[in-house]
Undergrad: 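Sharing a structure with you now.
Chain identifiers are assigned alphabetically (A, B, ...) following the order of the sequence lines, protein sequences preceding nucleic acid strands; residue numbering begins at 1 within each chain. Only this structure's heavy atoms are used, side chains among them; waters, hydrogens and symmetry mates stay out.
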Number of protein chains: 2
Amino acid sequence: MERSTTQRAAIRAAFAATDRPLSPQEVLAAARAQVPTLGPATVYRTLNALAAAGTLIPVTFPGEPARYEVAGKKHHHHFFCRLCRRAFELAGCPGRLSRLGPPGFRVDHHEVTLYGVCADCGAAAGAE
Amino acid sequence: MERSTTQRAAIRAAFAATDRPLSPQEVLAAARAQVPTLGPATVYRTLNALAAAGTLIPVTFPGEPARYEVAGKKHHHHFFCRLCRRAFELAGCPGRLSRLGPPGFRVDHHEVTLYGVCADCGAAAGAE
DNA sequence: ATAGGTGCAAACAGTTTGCATGTAT
DNA sequence: ATACATGCAAACTGTTTGCACCTAT
């Protein structure tokens, strides 16, 4: 991750253009708008390198490929829309979750994920 | 899921013998103790059928194959040990999570997952 | 000039599926 | 007897890797 290339710029731009976690496919599609020759291997390699460097954070959902979001945001969790399969950021955190760990278990991280239908899909369904 | 076969009995027995979510590999290994010829395809087919029937509930963790647990337990969440990669049940739920959903988003389900080191692995690490 | 990056294609792991055989009903 | 279930092997999907070419430094 030492050189600045056009494909990496395009991948970074994809994340800069949105505030929700993106899948490799979403990144590939968005970045190809600027670099049409971009291949999936480069996207995977770049996402993995950025995640290893701590620049991106992986966010996962059941049965779905991992999403990635830029690191450094304040603590938050996620919402996953069952219809459009897009991931969204949530604002708050219930807190005090570590105390749910059984005795002898060391808790160093927690995730809270909400599932349902996002505003866009809810509106589209209601309009039908 | 109409007939009772020895392989299905072995798969059910694997779940009866433990109180934590099991991966297809764990189910296969456990059930092979009783039915050595059991193949992975049968395990996957059975798990999918039982999940579709509502008898089993899939439980997933980032970068991990799905685990399954028997349905009908009271509401709970899970702990995932980073070392042994086993899943465990937790007792409580912080509640009031739906209110974290943004306006216009319909929340119909939530997951809380804790990550860390389980008691077994913590004891093993301390003993080294 | 040269180390690092890219793109293609092949390799891979986990899961699903087609088909012939086996078995509970 | 027959429809359903099993096991093998092939197919599939998403991701990783080998290798030759390219490019930022």
Side-chain angles (χ1 to χ4, degrees), chain A residues 1-15 21-69 80 82 84-87, chain B residues 1-15 21-69 80 82 84-87:
Chain A
M1 196 84 333
E2 314 176 359
R3 298 183 187 182
S4 62
T5 65
T6 49
Q7 15 297 74
R8 285 177 186 172
I11 289 171
R12 284 174 189 275
F15 284 102
L22 299 178
S23 69
Q25 299 300 330
E26 291 174 312
V27 172
L28 179 60
R32 271 187 169 159
Q34 297 169 51
V35 184
T37 65
L38 183 65
T42 298
V43 172
Y44 283 112
R45 272 189 287 236
T46 303
L47 294 178
N48 285 338
L50 291 174
T55 307
L56 290 180
I57 306 290
V59 181
T60 67
F61 303 96
E64 289 290 317
R67 269 72 174 169
Y68 295 84
E69 66 182 2
F80 182 75
R82 300 183 187 288
C84 62
R85 300 183 163 244
R86 288 185 301 172
Chain B
M1 194 83 335
E2 315 175 357
R3 298 183 186 180
S4 64
T5 65
T6 49
Q7 20 289 78
R8 286 175 186 172
I11 290 171
R12 285 174 190 273
F15 284 101
L22 299 178
S23 69
Q25 297 302 327
E26 289 174 314
V27 173
L28 179 61
R32 270 187 168 158
Q34 296 170 51
V35 184
T37 65
L38 183 64
T42 297
V43 172
Y44 283 111
R45 271 189 286 237
T46 304
L47 293 179
N48 285 340
L50 291 174
T55 307
L56 290 180
I57 305 290
V59 181
T60 67
F61 304 95
E64 289 289 319
R67 270 71 174 169
Y68 295 84
E69 65 181 1
F80 182 76
R82 298 185 188 289
C84 63
R85 299 182 166 245
R86 288 184 302 171

Undergrad: Starting at atom CG of N48(A), determine the distance to atom P of dT6(C), rounded to an integer number of angstrom.
TA: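 In whole Å, dT6(C) P lies 13 Å from N48(A) CG.
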
Undergrad: Write down the distance between CE (M1(A)) and P (dA24(D)), rounded to a whole number of angstrom.
TA: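 Those two atoms, CE and P, are 15 Å apart.
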
Undergrad: On DNA chain C, nearest-nucleotide positions of Y44(B) versus V35(A): which is more 5'?
TA: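 Counting from the 5' end, the first nearest nucleotide belongs to V35(A).
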
Undergrad: Rounded to whole Å, how long is the line connecting atom CZ of R85(B) with atom P of dG14(C)?
TA: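 Going from R85(B) (CZ) to dG14(C) (P), I get 11 Å.
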
Undergrad: Taking only N and O in the side chain of Q25(B), is any of them less than 4.0 Å away from OP1 or OP2 of dA13(C)?
TA: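 No, because none of the side-chain N or O atoms of Q25(B) sits under 4.0 Å from OP1 or OP2 of dA13(C).
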
Undergrad: Around R32(B), counting heavy atoms of other residues, nucleotides and ligands shown, do more than 12 lie under 6.0 Å from its CZ?
TA: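 Yes, because the 6.0 Å sphere around CZ of R32(B) holds more than 12 heavy atoms from other groups.
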
Undergrad: Provide, to the nearest angstrom, the distance between the CG atom belonging to L47(B) and the P atom belonging to dT17(C).
TA: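 Result: 14 Å.
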
Undergrad: What is the separation between atom CD on E64(B) and atom P on dA13(C), rounded to the nearest whole Å?
TA: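 Result: 15 Å.
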
Undergrad: Could you give the CZ-to-C1' distance, from R12(B) to dA5(D), as a whole number of Å?
TA: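 Answer to the nearest Å: 14 Å.
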
Undergrad: Between R67(A) and V59(A) (side chain of the first, backbone of the second, donor and acceptor by atom type, cut-off under 3.5 Å), is there such a pair?
TA: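 Checked: no pair found.
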
Undergrad: If I take atom CD from residue E64(A) and atom CZ from residue R86(A), how far apart are they, to the nearest 0.5 angstrom?
TA: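 Output value for this atom pair is 13.0 Å.
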
Undergrad: Where the side chain of A41(A) is defined as all heavy atoms beyond and including C-beta, which of dT6(C), dA9(C), dT6(D) is the nearest nucleotide?
TA: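 Nearest to the side chain of A41(A) among the choices is dA9(C).
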
Undergrad: Take the protein atom CG of L38(A) and the nucleotide atom P of dG5(C), then report the distance between them rounded to whole Å.
TA: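 Distance, rounded to whole Å: 15 Å.
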
Undergrad: Could you work out, with ring-ring contact (aromatic ring centres under 6.0 Å, His included) as the rule, every residue matching Y68(B), not counting sequence neighbours?
TA: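 Counting only residues at least two positions away or on another chain, Y68(B) forms no ring-ring contact (aromatic ring centres under 6.0 Å, His included).
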
Undergrad: Does the side chain of L50(A) reach to within under 4.5 Å of the side chain of R8(A), using non-hydrogen atoms?
TA: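 Not touching, per the 4.5 Å side-chain cut-off.
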
Undergrad: Find which nucleotide of DNA chain C each of T42(A) and P40(B) is nearest to by heavy atoms, and output the residue with the more 5' nucleotide.
TA: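 Nearer the 5' end of the strand: T42(A).
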
Undergrad: Summarise protein proximity over nucleotides 19-25 of chain C in one line of letters, 5' to 3': B for base, S for sugar-phosphate only, - for none, counting protein heavy atoms closer than 4.0 Å.
TA: ----BBS

Undergrad: How far does CD of Q7(A) sit from OG1 of T37(A), to the nearest 0.5 angstrom?
TA: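 With rounding to 0.5 Å, CD (Q7(A)) is 6.5 Å from OG1 (T37(A)).
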
Undergrad: I need the T46(A) OG1 to L38(A) CG distance, nearest 0.5 Å.
TA: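 Going from the OG1 atom of T46(A) to the CG atom of L38(A) covers 7.5 Å.
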
Undergrad: Nearest whole angstrom, please: distance from the C1' of dC22(D) to the CZ of R8(A).
TA: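 My rounded result for the distance is 14 Å.
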
